[in-house]
Number of protein chains: 2
Amino acid sequence: MLTISCGLNLQYNPTFVIRKRSMDLREIIISSSKEAYQIYVPHISVDTVIFGFNGDRLTVLLLKMKFNEQWFLPGGYLKKDENLKSAATRILKEKTQLDHIFLQEFSVFSDLNRSEETFKDFPDDLWHKKRFISVGYYALVNYKNISLIADELSESCDWIFLHDLETLPIIMDHHKIIKKALSALRKQISYKPIGLNLLPEKFTLPELQKLYEAILGRSLNRGNFYKKIKNIGILKKLNEQRKGGAHKAPDLYTFDRENYFRILQNGISNW
Amino acid sequence: MLTISCGLNLQYNPTFVIRKRSMDLREIIISSSKEAYQIYVPHISVDTVIFGFNGDRLTVLLLKMKFNEQWFLPGGYLKKDENLKSAATRILKEKTQLDHIFLQEFSVFSDLNRSEETFKDFPDDLWHKKRFISVGYYALVNYKNISLIADELSESCDWIFLHDLETLPIIMDHHKIIKKALSALRKQISYKPIGLNLLPEKFTLPELQKLYEAILGRSLNRGNFYKKIKNIGILKKLNEQRKGGAHKAPDLYTFDRENYFRILQNGISNW
DNA sequence: TCAAAAGTGTTCACTTTACACCCATGT
DNA sequence: ACATGGGTGTAAAGTGAACACTTTTGA
């Protein structure tokens with residue numbers, strides 16, 4: 001089941017709606033700015049790159065701004081009483097309702113004029129107009145069973161195929177952030193197990209292989225992949241097959257959660 | 001040549017000096033706080049873990065606080081007109097005079113009550129008393145030919161052996177930061193060349209091996225190390241030997257800078 | 001029965017590991 | 001001469017890539 005619930009959905013007469021929207025929105029933003037000064041640490045933000053998997057290709061969760069139709073990553077600010085990991089966890093939960101997801105810090109983005117331009121038509125003391133140093137986290141989640149929730153700035157949110165990113169108008173340096181997250185993920189895949197949050201409880205090796213191929217962006221040899229993945233010791237073979245497809249029914253597996261999390265902590269071997 | 005110039009060196013009657021010191025220092029800190037508000041972005045700091053190598057063991061550059069005798073990492077704040085990498089570069093230069101050094105971001109430290117305690121006897125609006133989210137960078141530099149420069153807060157600065165860290169009083173979470181930097185460095189050593197800033201212009205393979213062993217914290221097999229390191233393609237064998245030692249004179253090498261920097265960018269292979 | 005996908009086995013090449021051997025040098 | 005460290009070679013074990021073969025299934 002894939003539900004997408006996306007806040008307001010104003011439509012009909014486009015020009016009227018856009019004007020109406022921007023007026024409401026302006027007030028919303030200005031009032032949220034005041035609140036932000038109370039709650040958050042200034043100049044620090046978190047951007048999360050949330051990867052999903054549709055069984056074939058990787059997607060990224062993006063939101064679409066109400067007032068300029070640009071796409072951007074789910075993000076937020078650091079509360080005065082939390083650390084960055086908590087902030088990233090909170091932001092992930094706000095957008096996807098998901099908890100207990102592996103979140104990995106991968107880089108900090110601190111260039112000048114990253115964010116200042118976006119709200120240039122607003123008062124100078126607007127919170128959002130400050131310079132922000134953003135800490136990037138990525139997560140891997142199961143594409144299905146997720147109710148996406150857009151925030152007050154966003155008219156919609158959606159899973160965007162990595163492949164389609166180039167064609168979208170994406171805000172600020174968020175395209176660069178996604179690329180860097182993907183690169184960090186590709187590095188991680190060689191020494192940390194991946195898949196627990198991306199695949200259903202029971203899955204087949206061909207499905208797992210598709211996931212690896214989607215992340216790495218290239219096809220892998222079946223026999224070699226099977227050998228390698230089984231060797232890691234994170235798989236439990238079930239006494240069931242996935243019936244219903246054409247052709248031979250593939251064996252079902254689950255993750256051996258104990259081993260999975262141990263290896264997630266320690267890395268796959270060498271270190 | 002190893003010169004260490006460390007600001008003031010007050011000594012003699014300890015109790016008197018400490019009192020005198022703390023009074024001067026208090027004023028210095030309070031005035032630097034005012035300046036800081038003008039120059040820096042609040043709540044963001046940079047800590048640099050600068051590794052050195054004495055030919056046998058790894059060291060870390062630490063400073064010693066004037067007013068509580070605790071050791072801490074060279075660090076600083078983010079100027080309003082620079083990004084984090086520039087800040088880290090600037091801080092490294094301030095302490096070591098060195099330029100063009102490879103600096104690697106490795107983690108962000110954002111826990112609550114990281115730094116607030118250190119200046120608890122100062123006014124509440126003191127810059128240093130704010131909550132700081134610190135971005136960690138590490139660097140590798142040649143232990144020799146460096147004039148260390150302590151700052152206004154520090155009575156001295158010194159290269160501390162990794163092995164001796166446990167015995168020193170180290171401020172805040174700086175011990176944790178060093179450990180994490182070392183762990184990142186150990187990961188990096190397997191896919192990026194290391195040594196250009198740590199060894200003299202001309203060096204021998206046994207020297208390079210000692211460096212690797214110091215970083216990894218374990219001994220390596222000589223023959224295998226030679227083969228592996230030569231295979232990377234970053235070494236140029238010179239037509240000279242290091243004379244003077246007992247036993248066979250070892251061959252001298254330099255780094256092939258072109259290859260070195262190319263591989264530093266792209267990683268050693270796989271990726 | 002057949003095409004297609006799943007699962008397993010085999011071969012070859014290459015890398016890693018362990019270790020042996022020779023070389024050069026100062027004492 | 002010999003102890004010590006430097007430099008190279010080699011065999012065994014392990015890993016990864018390519019590919020072939022068998023099995024299973026629905027059409």
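Within every chain, numbering begins at 1; the chains are lettered A, B, ... in the order of the sequence lines, protein sequences first and strands thereafter.
Per the geometry, CG belonging to B/Leu220 stands 13 Å off P belonging to C/dT16, to the nearest Å. If you take CG of A/Leu208 and P of C/dA5, they are 19 Å apart, rounded to a whole angstrom. In this structure, the NZ atom of A/Lys228 is 20 Å from the P atom of C/dG9, given to the nearest Å. One can place CG of A/Asn221 at 15 Å from P of C/dG9, the figure rounded to the nearest angstrom. Between B/Ile229 atom CD1 and D/dT8 atom P the separation is 15 Å, expressed in whole Å. Between the CG atom of A/Leu205 and the P atom of D/dT24 there is a distance of 17 Å, rounded to whole Å. Straight-line distance from the CZ atom of A/Arg242 to the C1' atom of C/dG7: 16 Å, rounded to whole Å. One can place CZ of A/Phe225 at 17 Å from C1' of D/dT15, the figure rounded to the nearest angstrom.
With distances taken from any side-chain atom of B/Asn224 to the nucleotides D/dT25, C/dT17, D/dG16, the minimum falls on C/dT17.
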If you restrict it to nitrogen or oxygen atoms, what contacts under 3.5 Å exist between nucleotides 3-6 of chain D and the protein, and what is each distance?
unit_1 : atom_1 : unit_2   : atom_2 : d
D/dT4  : O2     : B/His247 : ND1    : 2.9
D/dG6  : N7     : B/Arg222 : NH1    : 3.3

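Residue B/Gln241 is the one, among B/Gln241 and A/Arg218, whose nearest nucleotide of DNA chain D lies closer to the 5' end (criterion: closest heavy atom). Taking for each of A/Gly223 and A/Gly244 the nucleotide of DNA chain D with the nearest heavy atom, the 5'-most of the two is the partner of A/Gly223.
Proximity of A/Lys227 to the phosphate of C/dG7: no side-chain N or O atom is located under 4.0 Å from OP1 or OP2.
Applying the side chain to side chain donor-acceptor pair (under 3.5 Å) test to every pair with at least one member in residues 49-61 of chain B, sequence neighbours left out, gives no pairs at all.
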* Take A/Phe53 and A/Leu199, measure what side-chain contact (heavy atoms from CB on, under 4.5 Å) needs, and give me the verdict at the end. => CA-CA 8 Å; A/Phe53 180 59; A/Leu199 295 173; 4.1 Å; yes

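One finds a salt bridge joining A/Glu201 and A/Arg257 here, because a Lys/Arg side-chain nitrogen approaches an Asp/Glu carboxylate oxygen to under 4.0 Å.
By the neighbour-count criterion of 12 heavy atoms within 6.0 Å, atom NZ of B/Lys180 is sparsely surrounded, having that number or fewer from other residues, nucleotides or ligands. Crowding of A/Lys64 atom NZ: a count of heavy atoms from other residues, nucleotides or ligands under 6.0 Å exceeding 12.
Using cut-offs of 30° and 60° on the angle between ring planes, the pair B/Phe106 and B/Tyr138 is tilted.
Under a 3.5 Å cut-off, the side chain of B/Thr89 and the backbone N or O of B/Lys85 do form a donor-acceptor pair.
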